Amino acid sequence: MRVNKILSIIVIISFLTLCTLFYFNYGQSSIRVKQIKDDEVEVFTKYNDNGIDVCYGNNFRCEKIKYKTQGMVNTKRLGTYTLTYRINHDGKEKVVHKKVRVVDKTAPKLEITGVHENVCPNGKTTGVSYLATDNYDGDITDKIKYKIEDDKIIYRVKDSSGNETKKEFDVKINDVEKPSIVLNDETVIYLGMGSRYEEPGYVAIDNCDGDITSKVKVSGTVDTDKEGEYTINYTVSDLYGNKTSVSRIVKVFKKNNYDPQQVSNKTIYLTFDDGPGPYTARLLDILNKYNVKATFFVTGYDNRYNDLITREHNEGHTVGLHSYSHNYASIYTSIDAYMQDLFMIQDKVSNLTGGYKSTIIRFPGGSSNTISRRYRVGIMSELTKKVEEIGFRYFDWTIASGDAGNTKDTNKIVQNVTTSLKENRNNVVLMHDIKGYSVDAVERIIQYGLANGYTFAPLTMESPVVHQHVNN
Ligand SMILES: [Zn+2]
């Protein structure tokens, strides 16, 4: 029985201990907050805080109580925000926090337009346009990456939060466009014999490979000691094997070889009236290039181009006298009026050429003009005799280029002249260096003449006279 007593006491003590422990663990009243989970909200959406779950009491009975929330979440900016909950109840206080992350989980938009028919072997596309926009980063087109795998092209773009959008298309690896070669300078080059040929250069561009100028192969040679036509070939291939060839023609011509002692039976006398003017310098350059000497029948009233009269003389051309004023109504009224004007232009030329007294003249309108009849009947008959008597020589022409009024078309002028040239006669060509479209025709006339065995010569006092029929 003693044993029973002892056992009872142990049981009672144990029970009381358990009750005490139970009370302290589950029965005491306190502020109780359910575990707080961090929250997450998508950027640019509205954040609704669910608050916290809080009560006051013990495990058996716990009543909901109020709390205050502090802090805010800016859903327009990515980041982690903290909300603070403050609970005061029954003289007790508790403060807890919740973390709210504003996140971007929206993938960017990727728009790709165009066809992927022909993608270059190096991955370059043509005719395809890209646009990538992200809800948070804005335009991220520059972040688009693409690569080619087998027969697909895969575009990817990632926003700053790591969201990725991917698009893929079937592609055909193909380069259907040939490269292009653009030659510097003309495709037909005229070169005087004995001068040096220098490659004027070229540029080669390919739609896929870009600038491939360095890959151009140039073949062909030019022998500038030998008259003839030479072809220079330019060839280039792109990485896909498309080949382009272009060529340039170099025409090596005999420079004009004028010998005053030996007049050829195929001679052309180019004559230019009414200048100098704005195109005369260009004309002189062209004549120089071919070593062609010509004749300028100059006027005197415009002093702006005086230095060109000097240049004409210095470069071996004949400076002839046309008229100082070129005014029919004044020069064709009397012999004296004409002579006064003639001596004025003679003096002017003399002053500009260091004393060259030109005695080679061309009447305004030519010796056959009939306009002069308006001012004085018979004046041309008198003048043509008079000038010869006092030591002048006047020259008309045998070939009218047409630039005196019939045409302004350079091609027509070239044609008028080249079709009129004849062997065994004095081909005196009338042109005007105050007309740009006429000066433009000169180079082709020279090329035609040289290629056909003509020699270009200036008119001199020894040249055979070319006179038209005097009509007044
Ligand atoms: Zn004239």
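Just follow the structure's listing: the first ligand is 1, and inside any ligand the first atom is 1. As the structure is a prediction and not an experimental result, all values here were calculated from the model.
Here Asn427 pairs with Arg425 under the side chain to side chain donor-acceptor pair (under 3.5 Å) rule; sequence neighbours left out. In this view, Asp139 satisfies the salt bridge (charged side-chain N to carboxylate O under 4.0 Å, His left out) rule with no residue, not counting sequence neighbours.
Ionic pairing of Lys386 and Glu382 is not present here: no N-O contact between side-chain nitrogen and carboxylate oxygen is shorter than 4.0 angstrom. A salt bridge between Lys167 and Glu111 is absent, with no side-chain N of the basic residue lying under 4.0 Å from a carboxylate O of the acidic one.
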Q) For Leu270 and Phe272, what are the C-alpha separation, side-chain angles and deciding distance, and is it a side chain to side chain contact (heavy atoms under 4.5 Å, CB included)? A) CA-CA 7 Å; Leu270 294 180; Phe272 298 95; 3.9 Å; yes
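Contacts classified as side chain to side chain donor-acceptor pair (under 3.5 Å) and involving residues 253-270 (residues at least two apart or in different chains) are given here: Asn265-Asn424.
If you count the protein N, O or S atoms nearer to the Zn ion (ligand 1) than 2.8 Å, you get 3.
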